[in-house]
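Excluded from the calculations below are hydrogen atoms, water molecules and symmetry mates; all remaining heavy atoms, backbone and side chain alike, are included. Heads up: numbering here begins at 1 and tracks the sequence.
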Amino acid sequence: MARVVLKNVTKRYGNVLAVDNIDLEIKDKEFIVLVGPSGCGKSTTLRMVAGLEEITEGTIMIGDTVVNDIPPKDRDIAMVFQNYALYPHMDVYNNMAFGLKLRKFPKTEIDKRVKETARLLGIENLLDRKPKQLSGGQRQRVAVGRAIVREPKVFLMDEPLSNLDAKLRVQMRAELSKLHNRLQTTVIYVTHDQTEAMTMGDRIVVMKDGVILQVASPLVIYNHPNNVFVGGFIGSPAMNFMDMVLIKEDDQYFVESLEGTVKLAIPNERLEYFRDLTPYVNKEVILGIRPEDIEDISVVADPDENSVLTAQVDVIEPMGAETFLYLSVGEEIPQIIARVDAGTKASDGDTHKVVLDMSKCQLFDKDTQETLRREDLRLR
């Protein structure tokens, strides 16, 4: 296996800038996930590593070798595509063996690798079937198996689960994670599904408009987003954002809605998380709070009155173990979502009280949308 290094990598299609001067180092044996909305440049980045797209500027290294001018077949990588790309006229055995045959491996070695990989993936009873006789999950296993038998330095996976139904996607996420732990391979995985990114990656690379916005472990990305986009993209339901004014009374900081109808206290212990807020006093900031950090007032003992929101319930979504409440607070604050206990007494159209856990709030600069947390904070 090998590390992968991208230095100042740029990709242009005519006047369109698809990937903008990105730097990224992927460690040996790491499972890294590129995530972002459609058109953010993640698949283009993967295809440049594979050699399927030429880079406009920059350098890509696999191991200690610069691969800019090396054709895909000589880069010692294996790619798993969204549509599996299986040969319909070949059975499973020959689909998995095809790449080895092209490389003139001995028949005994091909047979050994194919059967060992099929056993690892639980498809040894499917080796004589054609792709049309397989389910989506089985085809996906075959596509992964075809990559594994090659024993490449790097596995590249481009949204391999997107064609599966929701239940099978959950199952295959776990299967791929187990497989990575067993094989100890370097994996670069592309998805637009932030749940896949959170559950599978050692680190997540969040991209937007061809730029990398943050690279960190899933929990760091979740708990300490660099900016509004990352905070809103990672997490389901998405983080709530409210335009507020930061005010200071004595030694206490508050955020107040633009029309003054909502006033929330920032706990003193949370101030250690933020840089010096003095320059932002009496200025607009963006308050971020995750739906799971908003509780039904009925389950909070002795709530601080400066952490309570009174809102109208627009929609209730029962999810079984929990309930999502869509709440309107006022004209100056957009609808927010609370992820509360399934036993909530909230009803459609009612006025209802919820409590925000302000010890977990985020603050962002209104103009740049970048976080106001301390730069020297140790993130975990």
Student: So, does Q214 use its side chain to make a donor-acceptor pair with the main chain of H224 at under 3.5 Å?
Tutor: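 Yes, because the side chain of Q214 sits within donor-acceptor range (under 3.5 Å) of the backbone of H224.
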Student: Just by modelled atom types, is the I289 backbone N or O under 3.5 Å from a matching donor or acceptor in the N240 side chain?
Tutor: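 Answer holds: yes.
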Student: Could you tell me how the ring of F31 sits relative to the ring of Y189: parallel (under 30°), tilted (30 to 60°) or perpendicular (over 60°)?
Tutor: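 F31 vs Y189 ring planes: tilted.
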Student: Looking at residues at least two apart in the chain, or sitting in another chain, which of them share a side-chain hydrogen bond (donor to acceptor under 3.5 Å, both in side chains) with N21?
Tutor: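 So N21 forms a side-chain hydrogen bond (donor to acceptor under 3.5 Å, both in side chains) with N8.
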Student: If the condition is side-chain hydrogen bond (donor to acceptor under 3.5 Å, both in side chains), which residues does E124 pass it with, not counting sequence neighbours?
Tutor: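 Testing E124 for side-chain hydrogen bond (donor to acceptor under 3.5 Å, both in side chains), a comparison that skips the adjacent residues, returns none.
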Student: Tell me whether K101 at atom NZ has more than 12 heavy atoms from other residues, nucleotides or ligands lying less than 6.0 Å away.
Tutor: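 More than 12 heavy atoms, drawn from other residues, nucleotides or ligands, come within 6.0 Å of this atom.
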Student: Are H180 and F155 an aromatic pair, judged by ring center distance below 6.0 Å?
Tutor: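 So the answer is no for these two rings.
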Student: More than 12 heavy atoms of other residues, nucleotides or ligands under 6.0 Å from CD of E249: yes or no?
Tutor: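 Yes, CD of E249 has more than 12 neighbouring heavy atoms, counting only those of other groups under 6.0 Å.
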Student: Verify, without hydrogens or angle tests, whether R275 (side chain) and T371 (backbone) share a donor-acceptor contact under 3.5 angstrom.
Tutor: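 Side chain of R275 to backbone of T371: a pair is present.
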Student: Could you check whether the rings of F229 and F233 sit parallel, tilted or perpendicular, using 30° and 60° as the cut-offs?
Tutor: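 Correct class here is parallel.
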Student: Is there a side-chain contact between Q252 and N306 in this structure, where contact means two heavy atoms from C-beta onward sitting under 4.5 Å apart?
Tutor: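 With C-beta onward as the side chain, the pair stays apart.
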Student: Answer yes or no: does atom NZ of K263 have more than 12 heavy-atom neighbours from other residues, nucleotides or ligands under 6.0 Å?
Tutor: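 Yes, enclosed.
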Student: Should R374 and D376 be marked as a salt bridge (Lys or Arg N to Asp or Glu O under 4.0 Å) after you check the CA-CA gap, both sets of side-chain angles, and the distance that decides it?
Tutor: CA-CA 6 Å; R374 281 171 34 207; D376 63 341; 2.8 Å; yes
